[in-house]
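All chains are named by letter (A, B, ...) in the order of the sequence lines, taking the proteins before the strands, and each is independently numbered beginning at 1. These numbers come from the heavy atoms of this one structure, side chains and all, not from hydrogens, waters or symmetry mates.
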Amino acid sequence: MQMLEKAGKAKALVLTLVYQDGTTQLDPEQKLGPPVCGLLALMKNDLDCSTPEDPLGPNDSLVYLKLEHTPAWAQQHAHTSQEHFTRDVLLQVLSRSQPVVCYKAKDFLRTALQFYRRDLSWKRVAGCLIQDPQVSGWLLDPANPSSCYQDLLNKHSKRPPTTSALGVKKVSRVISGLCSLFWLNMELCSKLQSQGLWELYSDMELSMISVLAAMESHRIHVDKDALKRTSDLLGTKMKQLEQEAHRAAGQMFLVTSNTQLRTVLFEKLCLHERCENKKLPKTVNKQQQSTSEAALLQLQDLHPLPKIILEYRQVHKIKSTFVDGILSCMMSKNYISSTWCQTSVVTGRISAKHPNFQALPRQPLQITKKQYIQGKEEEVVTVHPRAMFIPQEGWTFLAADFCQVELRLLAHLSADPELLRIFTHPQADVFTMLASQWKGVSEVEVTSEDREHAKRVVYSVVYGAGRERLSGILGVSGEQASRFQDSFLQTYREVQAFIQRTVQKCHNQGYVLSIMGRRRTLPNINSPNWGVRMQAARQAVNFVVQGSAADLCKTAMIRIFNLVSSSGSLSARLIAQLHDELLYEVEDSQVERFAALVKSTMESLQHIDHLGVHLKVPLKVAVSSGKSWGSMSELHIPPSLSPPSPLH
DNA sequence: CTAGCGTCA
DNA sequence: GAAGTGACGCTAG
């Protein structure tokens, strides 16, 4: 096929998805993305002789590939050759060594995987290094990601817009868009190079595009019936609580309305008059009595209503966001695939939406269900959104968690002897240890809530929480909080020195860097406004640690992805990334082998020779597995079962 | 304290 | 009336 040969020989390929409404990825974002109908590829050979006025050089050419499945009954006849042609071009795009450029390349890769899910394995996208100006733009200035292609172009292109949009045919607009995309990519690449961001871009972020595309193309099974049952259960529970609230209030009112609740609590029941010793929070703009959680907690001993409202809100939150919310993401299917965003977090972490997989409750919710069956009047049921996610038949979920990554990185970055000692001679889990010290109980008595509490306290202090905020978290007076803060920073003196060093550096150069060279510029670090300046200082410190942790987690994802992709037998797939935790779906028979591989791959990141990363602390990875995301139990891996040869 | 997304008034 | 906003609550460190 001539065209295929031409595409293979082209010096560069510039791609965009085309949607059924005629728009492309270069047009401003649609609210609800229309379905894809094809792919437009510009094959560039004349890299020097095109001008803004005549973007298409004499040796450049354009091809439109229809993405559409031929019905099975028609396959023996006409259109199958075209379908195969498109697939072959896609395969070539995935494996070519010449540059391929696509704005929002992840969407392109995912679309390819979805259209050819029968005969295009997700492993095939592993080696693909498609360039993406959206990613480059974000790396250059992660705090201000561009909202659309035009935005990005305006921000970086030296030349003014090529042709005025009015009166020009849509086709020529798209063509000149693709040409500008090519030049924009060149421009961004040179900027990355001059900022020292090239390695981070080409070795990490570009690989992430494939990892995320493969992750998005996977279908996560959800127990839809159970989800519907819990939706109904929570619905009846809310009705019960509403009735209880009306009874407690002595009147009907809309429990979801804070205005009406305020009237009941403070004008009818006058609860604020009965707690003059406590300070009740006020609403910010109107200085009215607040009905926030903090206020209701203060009032809960005076009257039954606040407690009922608190429980109502809790149930409502779970139902609307995590039960009905997930149901609405499923449409008529019985699976979901989240959207994973690479360019929305300043620190380099990734985020998820529809649904936000990273925010599903960790703890199940206990519901007491009143039912009028003889013998038992009350039944306690636990509602756990995570338990709704199920591996496919014959597969198991496996989670691998980097234990205390940020704190370990802080130990490394600060070289604090005390913090290093905790991690190099671990008698116990750090947060468990601290919790047992603070609460005066033995380590075995520390509950998971205690541990969680200790964790919040530690991170709050190291990221610069003020006295007021810290007293809220610790549950002590402001004065005690201050004392705690002082003694903490005295115990870990080098941590304090690291914080000061980082802020100073940010002051001098205007930006800070993570261990792998990720960069955040903080213009506000020199603001004349004290509050604004202090916030920038905290952001600088947080960026160095959080950003470095993100670097490690991404490296882990990529290495594991490459190991599995290049293995003939391994089939484990990444389901989700919970920042420091990777969740995989693994064939039952491969669980042990894969667990050992994941653990050793992740822990081996203590030393990354070619990047000059040598952490002063060991990395610890905890692995767990289960037949639902809600019921994972720890897996103990013998230390050296099979040391993998790390690819990079 | 720092990062997000989803829901609501 | 619809669309935008800030507070809150869930997550992760």
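For the residue pair A/Met204 and A/Asp551, the shortest heavy atom distance occurs at SD-O, 3.8 Å. When all heavy atoms of A/Leu413 and A/Phe498 are compared, the closest pair comes out as CB-CE1, 3.7 Å.
Salt bridge A/Lys239/A/Glu242: absent, no basic N to carboxylate O contact under 4.0 Å. A/Glu244 has no carboxylate O lying under 4.0 Å from a charged side-chain N of A/Lys307, or vice versa, which leaves the two without a salt bridge.
Atom NZ of A/Lys237 and atom OH of A/Tyr312 lie 12.5 Å apart (nearest 0.5 Å).
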N/O donor-acceptor pairs under 3.5 Å from side chains in residues 534-542 of chain A, not counting sequence neighbours:
unit_1: A/Asn542; atom_1: OD1; unit_2: A/Gln546; atom_2: NE2; d: 3.4

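Residue A/Gln539 is classed as a sugar-phosphate contact, given heavy-atom separations below 4.0 Å to backbone atoms only. Across all strands, A/Arg408 comes closer than 4.0 Å to no nucleic acid atom at all (heavy-atom distances). The residue A/Arg313 sits apart from the nucleic acid: no heavy atom pair falls under 4.0 Å. Counting any heavy atom pair closer than 4.0 Å across all strands shown, A/Arg386 reaches sugar-phosphate atoms only and no base atom. No contact: A/Val545 has no heavy atom under 4.0 Å from any strand. A/Ala352 comes within 4.0 angstrom of sugar-phosphate atoms only, judged by non-hydrogen atoms across all strands, and of no base. Among the heavy atoms of the strands, none lies under 4.0 Å from A/Ile318. When heavy atoms are screened at a 4.0 angstrom cut-off, A/Arg469 is found touching base atoms of the nucleic acid. Backbone-only contact: A/Lys353 has heavy atoms under 4.0 Å from sugar-phosphate atoms and none from a base.
The environment of A/Lys333 atom NZ is dense: over 12 non-hydrogen atoms of other residues, nucleotides or ligands sit within 6.0 angstrom. Within 6.0 Å of CZ in A/Arg533 there are more than 12 heavy atoms belonging to other residues, nucleotides or ligands. With a 6.0 Å radius and a threshold of 12 heavy atoms from other residues, nucleotides or ligands, A/Met252 has its CE atom at or below the threshold.
Residues from residues 480-497 of chain A that place a heavy atom under 4.0 Å from any atom of DNA chain C: there are none. Residues of residues 453-463 of chain A having a heavy atom closer than 4.0 Å to DNA chain C, listed by number: A/Lys455, A/Tyr459, A/Tyr463.
To the nearest angstrom, P of C/dC8 lies 17 Å from NE2 of A/His316. Note: NZ (A/Lys317) to C1' (C/dA7) measures 12 Å, nearest angstrom. The separation between A/Ile309 atom CD1 and C/dG9 atom P is 13 Å, rounded to whole Å. Atom NE2 of A/His384 and atom P of C/dC10 are 13 Å apart (whole Å).
Residues that satisfy the side chain to side chain donor-acceptor pair (under 3.5 Å) test with A/Glu418, not counting sequence neighbours, are A/Arg421. The salt bridge (Lys or Arg N to Asp or Glu O under 4.0 Å) test applied to A/Lys317 returns no partner, not counting sequence neighbours. In terms of the side chain to side chain donor-acceptor pair (under 3.5 Å) criterion, A/His412 has no residue partners (sequence neighbours excluded). Applying the salt bridge (Lys or Arg N to Asp or Glu O under 4.0 Å) test to A/Lys319 and every residue at least two apart in sequence or in another chain returns A/Asp324.
In DNA chain B, the stems built from three or more successive Watson-Crick or G-U pairs (distances below 3.5 Å) are B:1-9 with C:5-13.
Listed by first and then second residue, the salt bridge (charged side-chain N to carboxylate O under 4.0 Å, His left out) pairs that reach into residues 401-410 of chain A are A/Arg349-A/Glu406, sequence neighbours excluded. Under the salt bridge (charged side-chain N to carboxylate O under 4.0 Å, His left out) criterion, no residue pair touches residues 356-366 of chain A, with sequence neighbours excluded.
The outermost nucleotides of DNA chain B lying under 4.0 Å from heavy atoms of chain A, listed 5' to 3', are B/dC1 to B/dA9.
Separation of the A/Phe397 and A/Phe389 ring centroids does not fall under the 6.0 Å cut-off.
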Would A/Asp107 and A/Arg110 count as a salt bridge (charged side-chain N to carboxylate O under 4.0 Å, His left out) if you check the C-alpha gap in whole Å, the side-chain angles of each, and the deciding distance to 0.1 Å? CA-CA 5 Å; A/Asp107 293 343; A/Arg110 187 199 53 240; 3.1 Å; yes
At a cut-off of 3.5 Å, list every protein nitrogen or oxygen paired with a nitrogen or oxygen from nucleotides 2-4 of chain C, distance to 0.1 Å.
none

